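Reviewing the structure listed below.
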Number of protein chains: 2
Amino acid sequence: MSFFRSRWVEPPAGVTELEPTALAPGFRAAGVACGLKESGGTDVGIVAADEPGTVSALLLTRNAAAAAPIVVCRERCEAGAIRAAVVNSGNANAATGERGYADAVAMQERCAETLGLEPAAVAVAETGTIGVPLDIGRVIDGIDRAAAGLGEAEGGSFSAAIMTTDAGPKRCCVSAGGVTLSAQAKGAGMIEPGYATMLCFVQTDAVVADPEAELRQAVAGSFERITVDGQMSTNDTVLLQASGASGQPLPDGLLDAVLLQLALEIVADGEGASRVGRAAVTGAASNGEAERVARAIANSPLVKTALYGRDPNWGRIAQAAGQALAGAELPELGPGRIDAAEMAADTGEAELSVDIGRGSAAAHVFFSDLTHEYIRINAEYTT
Amino acid sequence: MSFFRSRWVEPPAGVTELEPTALAPGFRAAGVACGLKESGGTDVGIVAADEPGTVSALLLTRNAAAAAPIVVCRERCEAGAIRAAVVNSGNANAATGERGYADAVAMQERCAETLGLEPAAVAVAETGTIGVPLDIGRVIDGIDRAAAGLGEAEGGSFSAAIMTTDAGPKRCCVSAGGVTLSAQAKGAGMIEPGYATMLCFVQTDAVVADPEAELRQAVAGSFERITVDGQMSTNDTVLLQASGASGQPLPDGLLDAVLLQLALEIVADGEGASRVGRAAVTGAASNGEAERVARAIANSPLVKTALYGRDPNWGRIAQAAGQALAGAELPELGPGRIDAAEMAADTGEAELSVDIGRGSAAAHVFFSDLTHEYIRINAEYTT
């Protein structure tokens with residue numbers, strides 16, 4: 001197993017890893033360079049399902065300062081029947097006003113036209129710099145070329161088209177229980193002078209009766225459980241497409257395992273990150289309380305620097321938990337209730353746990369450490 | 001004016017700055033070294049009011065993992081009639097269990113006994129390392145020597161007794177409208193391997209009819225408006241004592257100005273801080289919303305690193321505001337609504353503002369930048 005490599009991911013029995021750039025049967029993709037990236041890298045991509053009966057689910061950021069493509073998806077897409085997604089990297093098309101909205105609509109309409117689809121069946125996603133008008137002419141040209149070049153083995157070029165400052169591609173193609181599932185993700189925190197963005201596209205030939213419910217559950221256990229810097233992006237998008245062509249259901253846990261591994265790769269590739277931590281809270285009075293405490297620990301700069309410094313500093317964990325529970329009754333959180341030993345270990349993945357002794361609910365959050373490199377990246381990059 | 005030096009502080013007309021180590025008439029203090037600090041520095045102090053009719057207000061951290069002295073103050077003090085406070089630095093007496101509680105009680109009782117007061121009239125405050133039992137024998141010895149050395153000009157030694165890693169003392173003695181007010185504060189974020197702590201003691205000979213209301217209002221505009229790392233301490237304590245001996249009321253704005261200047265000194269002395277920012281939010285639908293947005297901006301590591309890097313990165317401000325308002329309607333936050341110009345200026349105090357266009361409420365939060373030095377301090381210090 002080279003994809004499922006985190007200690008925290010449990011793929012279902014019998015899963016096989018295929019070529020990571022492959023796509024689930026019945027899906028085609030492409031990525032081309034249109035000139036948005038100064039590097040000349042691949043920056044426009046399309047992923048499309050052949051099967052007209054493909055069902056889908058589309059989850060979008062809740063950030064109130066959402067980018068144009070998010071607004072277009074909200075207002076103009078049929079989230080349950082997405083046949084194709086058109087994506088660009090290099091420009092987030094965020095805080096770009098009416099022109100930005102019109103540009104995102106133009107992307108949707110051009111992609112739909114070239115593929116012979118209704119615009120509502122085409123999702124739009126963008127990532128990159130903000131506050132800069134999109135060179136829509138180049139993007140339209142890129143869409144035309146990507147549409148003409150769609151192929152069954154182009155998961156690699158599509159994956160490249162969604163990357164910004166990712167250290168490497170985040171993708172897989174796996175099979176289990178008679179179905180195939182492929183996925184491509186990007187995200188590394190905030191590198192471009194604007195917004196962090198996490199994008200993920202998932203394709204499968206499985207029969208998925210309720211794609212929104214399936215995707216929400218899997219996202220709740222993966223992308224909703226990670227933090228690099230506690231900052232919610234304006235462009236986050238996750239799309240699941242299921243053609244049903246295999247006639248088989250998704251094996252239990254397959255989507256969860258794939259999304260969790262991809263989510264952990266985003267954390268590990270977080271800005272300046274050198275280690276990934278898992279903050280596990282038990283003994284909470286409610287699930288909400290457990291999650292609040294886990295997030296407070298995972299987002300504490302004191303805990304994050306301690307993880308970096310390999311310092312098993314249980315006092316910082318107690319402080320963060322106490323802050324999240326301000327005003328509540330709490331037993332004293334000392335070494336008997338906190339296990340921070342792995343923070344001192346020389347491992348890439350470290351567990352830390354706290355039993356807050358208030359009930360039986362539990363939650364966990366994965367997080368990156370806070371390093372000199374994070375400061376360098378975010379302070380030395382100027383707009 | 002050497003104390004009121006921030007652009008954001010407006011002292012009342014006619015205020016005079018006295019020797020900063022002086023105390024308001026009718027108050028005495030002392031600080032001695034008892035050996036808690038490895039450096040041999042001053043680490044036990046007492047401040048006391050001569051006047052039996054002195055009124056007071058005592059505000060304590062809401063952190064649910066509060067230290068022993070906080071619990072003792074909550075359970076055993078008459079907050080409106082505090083005659084003296086006993087303080088030590090070098091050990092926070094936090095997460096120290098039943099023994100820690102007994103030690104804090106012992107400090108209160110010894111101080112009360114030596115000064116001829118009821119224990120309920122003595123507040124206890126501690127700051128320093130956590131999870132380490134207090135050497136109560138040394139502290140008791142220090143209390144005895146401090147009580148024997150109380151003096152009207154000992155604001156300096158008392159101020160030294162509450163410092164941990166502060167770059168310098170934070171204190172003043174000012175007069176206006178026929179009253180004198182002295183104050184001593186400490187705080188620099190998290191340096192000791194445990195908890196950040198902010199302590200402040202204020203003495204005045206003014207007549208203060210409702211000290212709790214006065215102190216809450218002044219704290220709401222000062223210590224409650226600052227953030228270094230978003231982390232609430234387990235030991236935060238603010239004590240106001242008013243003897244009434246002058247027969248005059250506190251001039252409007254005097255307490256506010258003193259506490260705001262001290263709060264800003266804590267931010268400026270924050271771990272690794274090189275600059276102080278003021279995040280001002282206008283156009284909010286409610287005061288709570290304005291404050292939530294201002295705190296999201298002030299605590300965003302992306303905004304804090306941009307302040308360090310002198311990057312007028314309005315996109316990061318828009319993103320943080322959008323996150324705080326997740327799910328709400330928001331006009332597009334572009335340069336027309338965000339002013340980040342001063343972030344690029346070479347000044348120690350920088351304003352940034354955003355008009356979120358949802359109403360007429362406003363709020364602001366003062367914050368430090370996030371620097372390489374912060375990482376060095378917090379990652380390289382190991383327990």
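In this text, all values refer to a predicted model and were calculated from it rather than measured experimentally. Below, chain A is the first sequence line, B the second, and so on; all start at residue 1.
Of all non-hydrogen atoms in A:A318 and B:A65, the two that sit nearest each other are O-CB, 3.7 Å. Considering all non-hydrogen atoms of both residues, A:I130 and B:G315 come closest at CD1-CA, 3.3 Å. Here the shortest heavy-atom pairing between A:A64 and B:L330 reads O-CB, 3.6 Å.
The side-chain heavy atoms of A:I375 and B:Y374, taken from C-beta on, include no pair separated by under 4.5 Å.
Applying the side chain to side chain contact (heavy atoms under 4.5 Å, CB included) test to B:A102 and every residue at least two apart in sequence or in another chain returns nothing.
Surrounding CD of A:E75 are more than 12 heavy atoms belonging to other residues, nucleotides or ligands, all under 6.0 Å away. Summarising the local packing, CZ of A:R62 is surrounded by 12 or fewer heavy atoms from other residues, nucleotides or ligands at distances under 6.0 Å.
For A:T61, no part lies under 4.5 angstrom from a heavy atom of chain B.
Of the possible polar contacts, one joining the A:N63 side chain to the B:Q319 backbone as a donor-acceptor pair under 3.5 Å is found.
Heavy-atom pairs under 4.5 Å with chain B peak, among A:K304, A:E332, A:H372, at A:H372. Chain B forms more heavy-atom pairs under 4.5 Å with one residue of A:G334, A:A306, A:G131, A:S300 than with any other, namely A:S300. With chain B as the partner, the residue from A:L307, A:N299, A:I356, A:T96 showing the most heavy-atom pairs under 4.5 Å is A:T96.
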